[in-house]
*Asks:* 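Following this message is one structure expressed as structure tokens.
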Amino acid sequence: MITRLSFVQRGRLHNPLARSKSATRRLLQQNDSVVSYLDYAKQKDLSNISTVFQGTLYELSTKTFLDEHFNISRLLLQGGANDKGIDIRCVWDLKQFLPEDSLEQQASIAKLEKQYQIGNKRGKHIKPLLLRQNPSLKVKLFVQCKAYETKEVDPKMVRELNGTYSSCIPYYDRWKTFFMYVSPTNLSKQARYDFDSSHNPLVFMQLEKTQLKLHGDPYNVNHYERARLKSFHCNHVASWLLKGLNWERDIQIIKRKASSPSQELLSLDTL
């Protein structure tokens, strides 16, 4: 019996890129940690210097880092044909940045309300999350990873990030949906300007790639240096939404913790 294929199905059959992305998605679903991916790569004799290997390893290292240091849940690795450049989706609980003392919390909110009232008179209309009807302080987080070696993140990438945000996120949901861009290299001067000028809540995380130790086995997780956080930057909109939360102080704590030699990559992947 001959069945008709839809236009989309026929396109996938003849489009090697679509098939490749679908295969990548299945691969990530089956190997969702650095350890399992390295085991898979060894079994398949994948080249550890290939772009696919390096990109997948970086994406999984980012997932591991977020899982360990940020209060996230419902984490999903993308990597499919229709991922729109989004590699990771998750829910981010911002309560991790709340002041621990209840009196300090109340004082922070009272101070924030005054700042917001003054800001409104000056034309600043971004209402912080602490003052919104969102007592859970949970937001959606979409993550895009780019494992650049030497190239700085350029303005084109920022434009593409803004385009993806605008096409994926409805207007009414934008105050509670953050986009995070992760790269081992920093933003160029113009890219940072465009990033900070965006009307969308954007976060940039400069996360080093996991480096293979000298003469190390590329398929053994214990032979890699763990990824270190170099910088964490929120644009103007994201900063205003996070006002009243101790995110800047806590990010510094995360940087020190992630740089500790006692933290092994293997321990993160066995959580």
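Sequence positions, counted from 1, serve as the residue numbers for this chain. Values below: all heavy atoms of this structure, side chains included; hydrogens, waters and symmetry mates excluded.
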*Asks:* Any side-chain heavy atom of Asp250 sitting closer than 4.5 Å to one from Gln96?
*Replies:*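 Of all side-chain heavy-atom pairs linking Gln96 with Asp250, none is under 4.5 Å.
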
*Asks:* With sequence neighbours excluded, tell me which residues meet side chain to side chain donor-acceptor pair (under 3.5 Å) with Asn235.
*Replies:*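 Expected list: none.
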
*Asks:* Establish, from distance only, whether the side-chain atoms of Ser33 and Ser36 form a donor-acceptor pair under 3.5 Å.
*Replies:*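 There is such a pair (donor and acceptor under 3.5 Å, judged by atom type) between the side chains of Ser33 and Ser36.
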
*Asks:* Identify every side-chain donor-acceptor pair in residues 42-51 under 3.5 Å, counting partners at least two apart or on other chains, and give the distances.
*Replies:*
unit_1	atom_1	unit_2	atom_2	d
Ser47	OG	Ile49	N	3.3
Ser50	OG	Ser47	O	3.0
Ser50	OG	Phe53	N	3.1

*Asks:* For Ser198, enumerate each residue passing the side chain to side chain donor-acceptor pair (under 3.5 Å) test, keeping only those at least two apart in sequence or located in another chain.
*Replies:*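 Only Asn162 meet the side chain to side chain donor-acceptor pair (under 3.5 Å) criterion with Ser198.
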
*Asks:* Under the rule for side chain to side chain contact (heavy atoms under 4.5 Å, CB included), what residues qualify as partners of Glu160, not counting sequence neighbours?
*Replies:*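 With neighbours one apart ignored, the set is Lys156, Met157.
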
*Asks:* Of all the heavy-atom pairs spanning Ala147 and Gln54, show the shortest one and how long it is.
*Replies:*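 For Ala147 and Gln54, the tightest heavy-atom pair comes out as CB-O, 4.3 Å.
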
*Asks:* Side chains of Phe204 and Cys234: does their closest heavy-atom pair fall under 4.5 Å?
*Replies:*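 When only atoms from C-beta onward are counted, Cys234 and Phe204 do not touch, as no gap falls below 4.5 Å.
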
*Asks:* When rounded to the nearest 0.5 angstrom, what is the spacing between CZ in Phe232 and CE in Met205?
*Replies:*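 Answer rounded to 0.5 Å: 7.0 Å.
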
*Asks:* Any heavy-atom pair between the side chains of Ser61 and Thr210 that's under 4.5 Å?
*Replies:*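 Of all side-chain heavy-atom pairs linking Ser61 with Thr210, at least one is under 4.5 Å.
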
*Asks:* Among all residues two or more places apart in sequence or in another chain, which pass the salt bridge (charged side-chain N to carboxylate O under 4.0 Å, His left out) test with Lys209?
*Replies:*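 If we apply the salt bridge (charged side-chain N to carboxylate O under 4.0 Å, His left out) test to Lys209, skipping adjacent residues, the hits are Glu149.
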
*Asks:* To the nearest 0.5 Å, tell me how far Lys63 NZ sits from Leu76 CG.
*Replies:*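 The distance works out to 11.0 Å.
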
*Asks:* Please examine the side chains of Leu212 and Glu225, heavy atoms only from C-beta on, and report whether any two atoms are closer than 4.5 Å.
*Replies:*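 Heavy-atom side-chain distance check fails, nothing below 4.5 Å.
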
*Asks:* Which value, rounded to the nearest 0.5 Å, describes the distance between Ile126 atom CD1 and Leu131 atom CG?
*Replies:*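 Here the rounded value is 13.0 Å.
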
*Asks:* Which atoms form the tightest heavy-atom contact between Leu38 and Pro218, and what is the distance?
*Replies:*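 Where Leu38 meets Pro218 most closely, the heavy atoms are CD2-O, 3.5 Å.
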
*Asks:* Got a sec, which pairs hit ring pair (Phe, Tyr, Trp, His ring centres under 6.0 Å) with one end in residues 156-175, sequence neighbours left out?
*Replies:*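 Qualifying pairs: Tyr165-Phe179.
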
*Asks:* Of the non-hydrogen atoms in Val91 and Lys138, which two are nearest, and what is the gap between them?
*Replies:*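 Looks like CG1-CB, 4.0 Å.
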
*Asks:* Any heavy-atom pair between the side chains of Asn222 and Asp217 that's under 4.5 Å?
*Replies:*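 They are not in contact (no side-chain heavy atoms under 4.5 Å apart), so the answer is no.
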
*Asks:* Could I get the full list of side chain to side chain donor-acceptor pair (under 3.5 Å) partners for Ser183, not counting sequence neighbours?
*Replies:*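 Once residues adjacent in sequence are excluded, the partners of Ser183 under the side chain to side chain donor-acceptor pair (under 3.5 Å) criterion are Thr185.
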
*Asks:* In terms of the angle between their ring planes, are Phe70 and Phe65 parallel, tilted or perpendicular, with boundaries placed at 30° and 60°?
*Replies:*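 Judged by the thresholds at 30° and 60°, the geometry between Phe70 and Phe65 is tilted.
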
*Asks:* Do Leu129 and Val139 come within less than 4.5 Å of each other through their side chains, counting heavy atoms only?
*Replies:*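 Side-chain contact under 4.5 Å: yes.
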
*Asks:* Under 4.5 Å between any side-chain heavy atoms of Gln206 and Val153, yes or no?
*Replies:*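 Answer no - side chains too far apart.
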
*Asks:* For Lys230, give me all partners under salt bridge (charged side-chain N to carboxylate O under 4.0 Å, His left out), at least two apart in sequence or on another chain.
*Replies:*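 Result, salt bridge (charged side-chain N to carboxylate O under 4.0 Å, His left out) vs Lys230: none returned.
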
*Asks:* Going through the distances and angles, do Asp196 and His233 end up as a side chain to side chain contact (heavy atoms under 4.5 Å, CB included)?
*Replies:* CA-CA 9 Å; Asp196 289 339; His233 176 71; 2.6 Å; yes

*Asks:* I'd like to know whether Ile169 forms a side chain to side chain contact (heavy atoms under 4.5 Å, CB included) with Thr164, so could you lay out the CA-CA distance, the side-chain angles of the two residues, the decisive distance to 0.1 Å, and finally the verdict.
*Replies:* CA-CA 8 Å; Ile169 310 303; Thr164 301; over 6 Å; no

*Asks:* Go through the side-chain N and O atoms of Ser188 and Glu152 and say whether any donor and acceptor fall under 3.5 Å apart.
*Replies:*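 Their side chains do not contain a donor-acceptor pair, so the 3.5 Å distance test is not met.
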
*Asks:* For Lys151, what residues pass the salt bridge (charged side-chain N to carboxylate O under 4.0 Å, His left out) criterion, not counting sequence neighbours?
*Replies:*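 So Lys151 forms a salt bridge (charged side-chain N to carboxylate O under 4.0 Å, His left out) with Asp154.
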
*Asks:* Which distance, rounded to the nearest 0.5 Å, do you find between the CG of Leu130 and the CG of Leu242?
*Replies:*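 If we round to the nearest 0.5 Å, Leu130:CG and Leu242:CG are 9.0 Å apart.
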
*Asks:* Are any non-hydrogen side-chain atoms of Trp247 and Ser239 less than 4.5 angstrom apart?
*Replies:*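 Counting from C-beta outward, Trp247 and Ser239 do come under 4.5 Å.
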
*Asks:* Could you list all the salt bridge (Lys or Arg N to Asp or Glu O under 4.0 Å) pairs where at least one residue sits in residues 185-195, not counting sequence neighbours?
*Replies:*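 Listed by first then second residue: nothing to list.
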
*Asks:* Measure from the side-chain N and O atoms of Glu208 to the backbone N and O of Ala227, and report whether any donor-acceptor pair falls under 3.5 Å.
*Replies:*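 Such a contact is absent between Glu208 side chain and Ala227 backbone.
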
*Asks:* Evaluate the criterion side chain to side chain contact (heavy atoms under 4.5 Å, CB included) for residue pair Leu98 and Asn246; output intermediate values, then yes/no.
*Replies:* CA-CA 6 Å; Leu98 274 174; Asn246 291 332; over 6 Å; no

*Asks:* List the residues meeting salt bridge (charged side-chain N to carboxylate O under 4.0 Å, His left out) with Lys176, not counting sequence neighbours, and say none if there are none.
*Replies:*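 For Lys176, the residues satisfying salt bridge (charged side-chain N to carboxylate O under 4.0 Å, His left out) (neighbours in sequence not counted) are Asp173.
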
*Asks:* Could you please spell out the steps behind the side chain to side chain contact (heavy atoms under 4.5 Å, CB included) verdict for Thr56 and Tyr37?
*Replies:* CA-CA 8 Å; Thr56 304; Tyr37 177 69; 3.6 Å; yes

*Asks:* Give me the atom names and distance for the closest heavy-atom approach of Gly244 to Pro99.
*Replies:*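 In this case the closest contact between Gly244 and Pro99 is O-CD, 4.2 Å.
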
*Asks:* Report the distance from atom OG1 of Thr177 to atom CZ of Arg174, rounding to the nearest 0.5 Å.
*Replies:*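 With rounding to 0.5 Å, OG1 (Thr177) is 9.5 Å from CZ (Arg174).
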
*Asks:* Quick one: pull up CG in Leu141 and CD1 in Ile88 and give me the separation to the nearest 0.5 Å.
*Replies:*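 Going from the CG atom of Leu141 to the CD1 atom of Ile88 covers 8.5 Å.
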
*Asks:* Which residues pass the side chain to side chain donor-acceptor pair (under 3.5 Å) test with Gln252, not counting sequence neighbours?
*Replies:*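 Residues passing side chain to side chain donor-acceptor pair (under 3.5 Å) with Gln252: none at all.
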
*Asks:* Taking the six-membered ring for Trp, are Phe178 and Trp92 parallel (under 30°), tilted (30 to 60°) or perpendicular (over 60°)?
*Replies:*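 Judged by the thresholds at 30° and 60°, the geometry between Phe178 and Trp92 is perpendicular.
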
